[in-house]
Amino acid sequence: MTDRILIIGAYGQIGTELTLALKRKYGPANVIATDIRIPDHLSDEDDSCLYLDVLNRRALDLAVNKYQITQIYLLAAVLSVSGEQQPLKAWELNMQGLLNVLESARENFIARVFWPSSIAVFGHHAPKKPCPQHTVLQPSTAYGISKAAGEDWCQYYFHKFDVDVRSLRFPGLISSSALPGGGATDYAVDIFHHAVRNESYTCYLKASATLPMMYMADAVRAVLELMEAPAAQLTVHTAYNISGMSFTPTQLAASIKKRIPGFKINYKPDSRQSIAESWPTSIDDRFARKDWGWEPEYDLDSMTDQMLLNLRHSIPELQV
Ligand code: SER
């Protein structure tokens, strides 16, 4: 049977690139991209998108049945910084959205579900460097609380109802195609947008704030590889730790400066620093490596090269 994919949150930070990758893999006709915000301009490769609010369970079931969906990718979420402004909204979307998808998957015999978790599940009491797969989870943000509880629900639906739901604890994700929305790691994307325009950048984290990060191409590949892995090989049913790279704002700025010598960064830490301080600085991903062969491809310098190249090609005012 051909796989039929439903993506919820197709035009967010992860969805923008993952949707294209899934269309390439399964064929555009087999991928139903949905969001509550439809972009004005869609690329030729990406010319259809439906409105779907994951909080509307009936609309979700209608889409699942109408399009004979076999896999669901739930990417709609309120991230860490936005979640601190509206904690209950973060809980409602992140948690009720997941429960709606898990219930729909159970009732409609969906073969596989993907849902991203985050390093935000860890809190001050988890080891910082490297942070193990199995450790204490006492998240410091509403976003982290929703992801930690969501992981438990995923494991519960797997054991209790045989729902094959798979998840990754993403670090900060860095993409040239999509701007992040309201996360504590957003600086690592914003900085490139300033650098390619020859502007200096004021960073809201301390110069020494080390965080785990990943280039989006690696993140998308991780999702595809996890979703293809034989079920019998998977031993983690909450969410897998995965690691890409770890760096401070100073190290990222130095990597940019090697390519744009005039680039300048200054620091004005705000409340986002305390969120960053509650997260690990590096991640032990041995379970992902052993169970389904995870290996990151991009390091800090190769990611910087790719980001600068892509942004110079995609920002209209930089074309001469
Ligand atoms: N990048 C996310 C955030 O900062 C972490 O999952 O909220």
Side-chain angles (χ1 to χ4, degrees), residues 9 12-18 73-87 89-91 93-95 97-98 114-124 126 128 131 137-151 154 167-193 203-206 209-220 222-223 238-249 252 269-283 285 288 296 298 303 307:
Q13 193 195 3
I14 298 174
T16 300
E17 289 194 40
L18 183 58
Y73 292 70
L74 170 56
L75 308 173
V78 174
L79 293 189
S80 61
V81 174
S82 311
E84 290 314 281
Q85 282 140 23
Q86 294 178 291
K89 183 171 173 226
W91 176 257
L93 175 63
N94 298 357
M95 194 50 32
L98 174 63
F114 177 77
W115 172 78
S117 185
S118 162
I119 56 164
V121 295
F122 303 115
H124 288 289
K128 290 264 182 234
C131 188
L137 303 185
Q138 287 182 6
S140 63
T141 57
Y143 171 69
I145 294 172
S146 71
K147 290 293 181 185
E151 288 190 4
C154 288
S167 182
L168 299 169
R169 287 174 179 155
F170 278 129
L173 295 178
I174 299 166
S175 159
S176 55
S177 320
L179 285 172
T185 56
D186 294 7
Y187 92 86
V189 179
D190 296 340
I191 192 170
F192 285 105
H193 286 264
C203 184
Y204 57 77
L205 296 184
K206 286 185 187 164
T210 307
L211 282 172
M213 299 277 183
M214 181 175 286
Y215 188 50
M216 190 63 85
D218 271 344
V220 165
V223 175
T238 47
Y240 278 95
N241 278 10
I242 51 167
S243 176
M245 57 190 103
S246 284
F247 55 77
T248 62
L252 177 54
D270 63 22
S271 59
R272 287 170 277 191
Q273 172 65 26
S274 64
I275 296 179
E277 274 168 23
S278 74
W279 292 350
T281 57
S282 68
I283 300 293
D285 61 0
Y298 285 87
M303 185 265 296
M307 281 296 287

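Remember, it's 1-based here, ligands and their atoms both numbered in the order they're listed.
Interface of Trp279 with ligand 1, defined as ligand atoms under 4.0 Å from a residue heavy atom, comprises 3 (C), 4 (O), 5 (C), 7 (O). The distance from ligand 1 to the heavy atoms of Leu79 drops below 4.0 Å at these ligand atoms: 7 (O). Of all the atoms in ligand 1, the ones that sit under 4.0 Å from a non-hydrogen atom of Ser80 are 3 (C), 4 (O), 7 (O). Near Ala184, meaning under 4.0 Å from any of its heavy atoms, are these atoms of ligand 1: 3 (C), 4 (O), 7 (O).
Atom 2 (C) of ligand 1 has its nearest heavy-atom neighbour, among Leu211, Thr185, Asp186, in Thr185.
A salt bridge links Glu151 to Arg169: at least one charged side-chain nitrogen sits closer than 4.0 Å to a carboxylate oxygen.
We find the OH-OG distance between Tyr204 and Ser271 to be 10.0 Å, quoted to the nearest 0.5 Å.
Looking at Met303 and Met245, their side chains come closer than 4.5 Å, going by heavy atoms from C-beta outward. Two residues are said to be in side-chain contact when any heavy atoms from C-beta on lie closer than 4.5 Å; Ile283 and Ile119 meet this criterion.
Ranking protein heavy atoms by distance to atom 5 (C) of ligand 1, first place goes to Ser118 OG, 3.4 Å.
The aromatic rings of Phe114 and Tyr73 are tilted relative to each other, their planes meeting at an angle between 30° and 60°.
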